[in-house]
Amino acid sequence: MRRSFRKYTAIVALAALSISCDRDEVFTREQYKNVFALVSGSGNVASKFHDLGGESAGYVAASLGGTNPTANPIEINLIEDPSLIDAYNKINFDVDVSKYGRPLPASKYDIETYSFTIPAGEISGRLPIRIRPDGLSPDSSYFIPLRVESHSSYEVNPEKSYLLYQVRTKNYWAKADGNTIYSMRAKLRQDGSTFELQLPGSKIMHPISEREVRIMVGNETYSSEVGVFNRGAIILRIGEDNKVTILPYKDVEILQIDGDKDYPNTFSIEDDGFKTYKTFLLHYYFRMSGTVYEMKEELRLEFDPDEEVKL
């Protein structure tokens, strides 16, 4: 009986060893095999800011994983797939159509070829895209939907075999992501009154063109709803001489007041020896709900000039 038990134990041990070896072999194969993926962030979105005022380049990149270097190049062929935008919208916004992303208009980009290569022995490759962002709204998301149609060798990660290339706009003063926030110090006076209301706060700034930005008028609160900024937004047009022209964005009535030495309607760079700021000094009248107001405001944004040069 003891001999039978020892024999049984030996068989079990050999079986366990065999299973362990098989698992190790599978793990080793998985660890060392070469798999490539399109590079993107959350939701398979690859976002890039493009300067208004001209054409600029963006890239779709692929990255290769695996321990061993590849012996063969990987030729990757992409295809545009509009259904990717539909799926993204449904997953993220359900029935809230106002937030849906849009296909980037064909007139706004060029892709000369949809094929690119990860050369043998290398771990990445990229496909260039030429973008012309002028005219795009800062309030909308624009996508080029791309997925891998075929590849010449090795494997593609199915979860990263597609992406949405998101085009976002920017200029020197703002980015179109809602995160360019200027601090505000302002004085608001109702026409006919001598009382000035002191208004500390902040304003979100959006790029509109190469030398134009949009903010809310007076102390109106910003909202991403079209009706809100159509009713109460203004345009700041910055000249080559840094003089600012204040214009209505849509519906608001606005009158620029020039000649004020403290609020001369200008843009400037201020350096206090410790920090550097982009600064607007503005003076204007506006009408809201039938009432006329006078607004004097300073808008400041701290920034690092060296970082902007790198960009």
Side-chain angles (χ1 to χ4, degrees), residues 38-52 56 58-60 78-111 114 129-149 158-171 173-181 202-210 212-236 247-252 288-289:
L38 299 182
V39 178
S40 62
S42 175
N44 283 31
V45 174
S47 187
K48 166 76 173 179
F49 285 97
H50 289 268
D51 282 302
L52 293 162
S56 56
Y59 298 93
V60 169
L78 303 181
I79 189 173
E80 292 194 32
D81 184 352
S83 70
L84 297 174
I85 299 178
D86 295 335
Y88 174 86
N89 287 333
K90 290 293 185 183
I91 291 171
N92 290 279
F93 308 117
D94 194 20
V95 296
D96 190 353
V97 180
S98 65
K99 295 182 179 179
Y100 275 20
R102 308 177 185 179
L104 183 67
S107 62
K108 298 297 182 182
Y109 69 100
D110 289 320
I111 300 177
Y114 286 82
I129 304 175
R130 303 298 303 179
I131 303 293
R132 295 177 292 276
D134 284 6
L136 297 179
S137 169
D139 309 299
S140 298
S141 293
Y142 298 94
F143 297 113
I144 303 174
L146 298 166
R147 66 173 172 83
V148 176
E149 182 181 34
E159 295 182 0
K160 287 290 186 177
S161 63
Y162 64 92
L163 60 74
L164 296 171
Y165 183 88
Q166 183 179 26
V167 176
R168 312 192 88 164
T169 59
K170 68 183 179 76
N171 60 21
W173 300 273
K175 290 183 175 181
D177 59 358
N179 292 320
T180 304
I181 302 174
S202 62
K203 283 195 174 182
I204 297 174
M205 187 175 288
H206 288 92
I208 298 298
S209 69
E210 182 180 10
E212 291 181 327
V213 294
R214 187 189 71 201
I215 59 172
M216 296 301 290
V217 72
N219 62 340
E220 293 294 301
T221 302
Y222 169 78
S223 169
S224 59
E225 294 181 14
V226 175
V228 173
F229 56 74
N230 279 355
R231 183 180 66 88
I234 57 176
I235 296 291
L236 307 181
L247 303 165
Y249 178 69
K250 292 288 185 181
D251 302 331
V252 69
M288 188 62 62
S289 300

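Residues satisfying the ring-ring contact (aromatic ring centres under 6.0 Å, His included) test with Phe49, not counting sequence neighbours, are none. Checked against ring-ring contact (aromatic ring centres under 6.0 Å, His included), Phe143 has the following partners two or more places apart in sequence or in another chain: Tyr88. Residues passing the side chain to side chain donor-acceptor pair (under 3.5 Å) test with Tyr109, sequence neighbours excluded: Glu80.
Atom-to-atom distance recorded for Ile85:CD1 and Lys90:NZ is 14.0 Å, nearest 0.5 angstrom. Rounding to the nearest 0.5 Å places CG of Asp177 at 10.5 Å from OG of Ser141. Atoms CG and CG, on Asn171 and Leu52 in that order, are 6.0 Å from each other to the nearest 0.5 Å. Considering OG of Ser40 and CG of Leu146, their distance stands at 11.0 Å, rounded to 0.5 Å. Here the CG-NE2 distance, from Asn179 to His206, works out to 8.5 Å after rounding to the nearest 0.5 Å. The CG atom of Leu84 lies 6.0 Å from the CG atom of Leu164; values are rounded to the nearest 0.5 Å.
Checking Arg130, Lys48, His50 one by one against Ser56, the side chain to side chain donor-acceptor pair (under 3.5 Å) holds for a single residue, His50.
Counting only residues at least two apart or on different chains, the salt bridge (Lys or Arg N to Asp or Glu O under 4.0 Å) pairs with a member in residues 135-148 are Asp81-Arg147, Asp139-Arg214. Every pair passing side-chain hydrogen bond (donor to acceptor under 3.5 Å, both in side chains) that includes a residue from residues 95-108 is listed here, sequence neighbours excluded: Asp96-Ser98, Arg102-Ser140.
Between Leu78 and Leu38, the closest side-chain pair of non-hydrogen atoms falls below 4.5 Å. A 4.5 Å side-chain heavy-atom check between Pro105 and Leu136 finds at least one atom pair inside the cut-off. You'll find the side chain of Ser209 stays beyond 4.5 Å of the side chain of Asp134, heavy atoms only. Counting heavy atoms from C-beta outward, Thr169 and Pro133 have side chains that approach closer than 4.5 Å. Taking the side chain as every heavy atom from C-beta outward, Ile131 and Leu104 approach each other to under 4.5 Å.
The two residues Pro138 and Ile208 make their nearest non-hydrogen contact at CG-CD1, 3.8 Å. Counting all heavy atoms, side chain and backbone alike, Arg168 lies closest to Ser47 at CD-OG, 3.1 Å. The minimum heavy-atom distance between Ser161 and Pro158, with the atom names listed, is OG-O, 3.0 Å. Closest of all the heavy-atom pairs between Val252 and Ala233 is CG1-O, 3.3 Å.
A donor-acceptor pair under 3.5 Å links the side-chain atoms of Tyr142 to the main chain of Ser137, judged by distance alone. Between the side chain of Asn44 and the main chain of Glu159, a donor-acceptor pair closer than 3.5 Å is present.
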Identify all side-chain donor-acceptor contacts of residues 219-231 below 3.5 Å with residues at least two apart in sequence or on another chain.
{"from": "Glu220", "atom 1": "OE1", "to": "Arg231", "atom 2": "NH2", "distance (Å)": "3.2"}
{"from": "Ser223", "atom 1": "OG", "to": "Glu225", "atom 2": "N", "distance (Å)": "3.2"}

Exercise. Begin from the C-alpha positions of Arg132 and Asp110 and carry the test salt bridge (Lys or Arg N to Asp or Glu O under 4.0 Å) through to its verdict.
Key: CA-CA 9 Å; Arg132 295 177 292 276; Asp110 289 320; 2.8 Å; yes
